[in-house]
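Please read the structure below before turning to the comments.
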Number of protein chains: 2
Amino acid sequence: MTEPSGRRERKKAATRQKIADTALRLFLERGYDAVGIRDVAAEADVAVTTVFAHFASKEALVFERDQDFEQRLTRAVTDRPPHEPLIPALHREVQALVEHCTAEGSAPVRRMIEGSPALREYEESMSLRHAQALAAALAADPHLSRSATACGATARFTIDAYAMACRADDPRATVDEIFQMIEAAWEATAP
Amino acid sequence: MTEPSGRRERKKAATRQKIADTALRLFLERGYDAVGIRDVAAEADVAVTTVFAHFASKEALVFERDQDFEQRLTRAVTDRPPHEPLIPALHREVQALVEHCTAEGSAPVRRMIEGSPALREYEESMSLRHAQALAAALAADPHLSRSATACGATARFTIDAYAMACRADDPRATVDEIFQMIEAAWEATAP
DNA sequence: GAAATTAACCGTAACCGTTAGGGTTTCACA
DNA sequence: TGTGAAACCCTAACGGTTACGGTTAATTTC
């Protein structure tokens with residue numbers, strides 16, 4: 001994304017990446033619960049305090065790239081061509097995000113998440129933050145003129161669609177079906 | 001609700017209640033983060049292990065009565081008169097639940113929950129469980145014949161409505177507005 | 001280019017929620 | 001009345017997390 005110029009920033013980013021990579025590797029090798037923070041730190045050759053300087057919690061090590069997620073959702077709203085209807089834009093973006101998270105390579109990570117209550121809970125609370133960011137983006141769109149409640153509800157419904165589709169047998173069909181519902185719900189709030 | 005006959009069960013229930021009452025009192029007096037499990041145990045005059053024999057976690061001490069919540073929602077579906085339409089029944093029940101949680105006496109507790117990330121996260125993951133129970137109840141209703149996806153989405157939307165309304169300025173109006181959306185979403189799934 | 005500042009990182013020790021282990025009391029029921 | 005189980009107790013530990021004080025290396029300032 002952004003290539004930092006200074007050596008300091010580069011080293012910091014490298015440390016962060018090394019920690020994240022090491023953690024994910026160990027988690028997949030031995031299981032999330034069987035790997036302690038002290039193990040991750042030792043294997044990545046950093047101090048425990050350094051791990052927590054880069055990641056807010058053990059769970060955050062698994063969801064390293066969640067900022068991307070939030071940005072992609074909000075940008076699907078803010079960067080869409082003017083007068084393009086909202087719901088299809090959201091629909092398309094959620095479809096893409098779900099594809100990404102149900103891709104071949106993501107299966108072991110998904111299994112790990114589903115197997116750990118702590119990780120599921122963390123993911124859920126991440127989703128809530130994403131919904132709030134999306135709600136703010138909707139409320140800020142001058143073309144939409146809907147109530148804050150309608151924006152908030154639509155944002156949560158959208159996140160619900162993503163969360164359910166990631167766990168569904170047929171993710172694509174699930175997204176499509178729920179977005180039919182969201183479309184209807186959104187229309188029902190037209191001024 | 002259920003009055004246990006045996007002395008043992010009565011004593012157990014009394015212990016549980018004493019722990020919950022003591023915990024809530026201390027939390028409100030000194031703040032959730034400022035009170036440790038060891039404090040609660042000492043003040044309730046029980047061992048730390050006894051606290052965890054009755055409550056799965058520190059957060060669970062605050063949400064003592066969440067089983068009621070789940071049962072009320074699912075019963076609003078299963079116990080409604082035959083052929084009564086689903087959404088109004090849900091709407092009514094959510095309205096009642098929101099009223100309960102935004103009542104005068106609940107304000108300090110609500111403030112405490114909103115002030116603690118751990119409690120917010122816990123509440124959110126509770127909600128997810130409730131949504132799953134509700135989804136199961138919807139899927140099991142013989143009159144509804146909707147897809148599992150539609151039932152799951154409707155359940156999550158309903159929980160979303162509750163969660164948003166509890167934090168809204170005008171809870172009643174929020175519930176009403178979101179249920180207009182849910183009604184439309186539900187109709188869009190008619191076979 | 002030396003000096004001062006700052007930011008990343010280090011190691012240790014502790015805090016706190018939570019659990020394991022193993023023991024004692026009290027109730028229920030045959 | 002004796003026996004099994006359930007509730008409870010205490011202690012010690014584990015694992016995520018943070019406070020603290022110190023070291024090094026990059027950046028900025030003069």
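Every chain is numbered from 1, with letters handed out A, B, ... down the list of sequences. Hydrogens, waters and symmetry mates are skipped; everything else that's a heavy atom, side chains included, is used. The shown structure was predicted, so the numbers you read here are calculated from the model rather than taken from an experiment.
Remark: side-chain polar atoms of Arg16(A) are paired, donor with acceptor, to backbone N or O of His54(A) under 3.5 angstrom. Under a 3.5 Å cut-off, the side chain of Arg38(A) and the backbone N or O of Val48(A) do not form any donor-acceptor pair.
For Glu187(A), there are no salt bridge (Lys or Arg N to Asp or Glu O under 4.0 Å) partners two or more places apart in sequence or in a different chain. For Arg80(A), the salt bridge (Lys or Arg N to Asp or Glu O under 4.0 Å) partners two or more places apart in sequence, or in a different chain, are Asp141(A). Residues passing the salt bridge (Lys or Arg N to Asp or Glu O under 4.0 Å) test with Arg72(B) are Glu93(B), sequence neighbours excluded. Every side-chain hydrogen bond (donor to acceptor under 3.5 Å, both in side chains) that Gln95(B) has, sequence neighbours left out, goes to Asp176(B). Every residue meeting the side-chain contact (heavy atoms from CB on, under 4.5 Å) condition with Ala20(B), not counting sequence neighbours, appears here in chain and number order: Phe55(B), Glu64(B). Residues passing the salt bridge (Lys or Arg N to Asp or Glu O under 4.0 Å) test with Arg25(B), sequence neighbours excluded: Glu29(B), Glu43(B).
Residue contacts shown for Asp39(A) are absent, as no nucleic acid heavy atom lies under 4.0 Å away.
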Compile the donor-acceptor pairs under 3.5 Å between side chains in residues 155-168 of chain B and protein atoms, sequence neighbours left out, one pair per line.
from	atom 1	to	atom 2	distance (Å)
Arg156(B)	NE	Asp160(A)	OD1	3.2
Arg156(B)	NH2	Glu124(A)	OE2	3.1
Thr158(B)	OG1	Thr154(B)	O	2.8
Asp160(B)	OD1	Arg156(A)	NE	3.1
Arg167(B)	NE	Glu114(B)	OE2	3.2
Arg167(B)	NH1	Ala163(B)	O	2.9
Arg167(B)	NH2	Glu123(B)	OE1	3.0

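Note: the hydrophobic cluster containing Leu119(B) does not contain Phe69(B) (ILVMFWY, side chain heavy atoms under 4.5 Å, direct or indirect links).
Within residues 17-31 of chain A, no residue places a heavy atom under 4.0 Å from DNA chain C.
Other residues sharing a hydrophobic cluster with Leu128(A) under the 4.5 Å side-chain heavy-atom criterion for ILVMFWY residues do not exist; the residue is a singleton.
For Lys58(B) and Phe52(B), the positive end is not near the middle of the six-membered ring at less than 6.0 Å and at most 45° from its axis.
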*Where protein sits on nucleotides 13-20 of chain C, one letter per nucleotide: B base, S sugar-phosphate only, - none, heavy atoms under 4.0 Å*: -B-SBBBB
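Using the six-membered ring where Trp is involved, Phe63(A) and Tyr122(A) have ring planes that are parallel, under 30° apart on the 30 and 60° scheme.
Protein chain B contacts DNA chain D over a range whose 5' and 3' limits, counting nucleotides with an atom under 4.0 angstrom from a non-hydrogen atom, are dA5(D) to dA13(D).
Put simply, CD on Glu9(B) is 11 Å from C1' on dA28(C), counting in whole angstrom units.
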Using a cutoff of under 3.5 Å, can you pull out all pairs of nitrogen or oxygen atoms linking the protein to nucleotides 24-26 of chain C, with atom names and distances?
from	atom 1	to	atom 2	distance (Å)
dT26(C)	O2	Arg8(B)	NH2	3.0

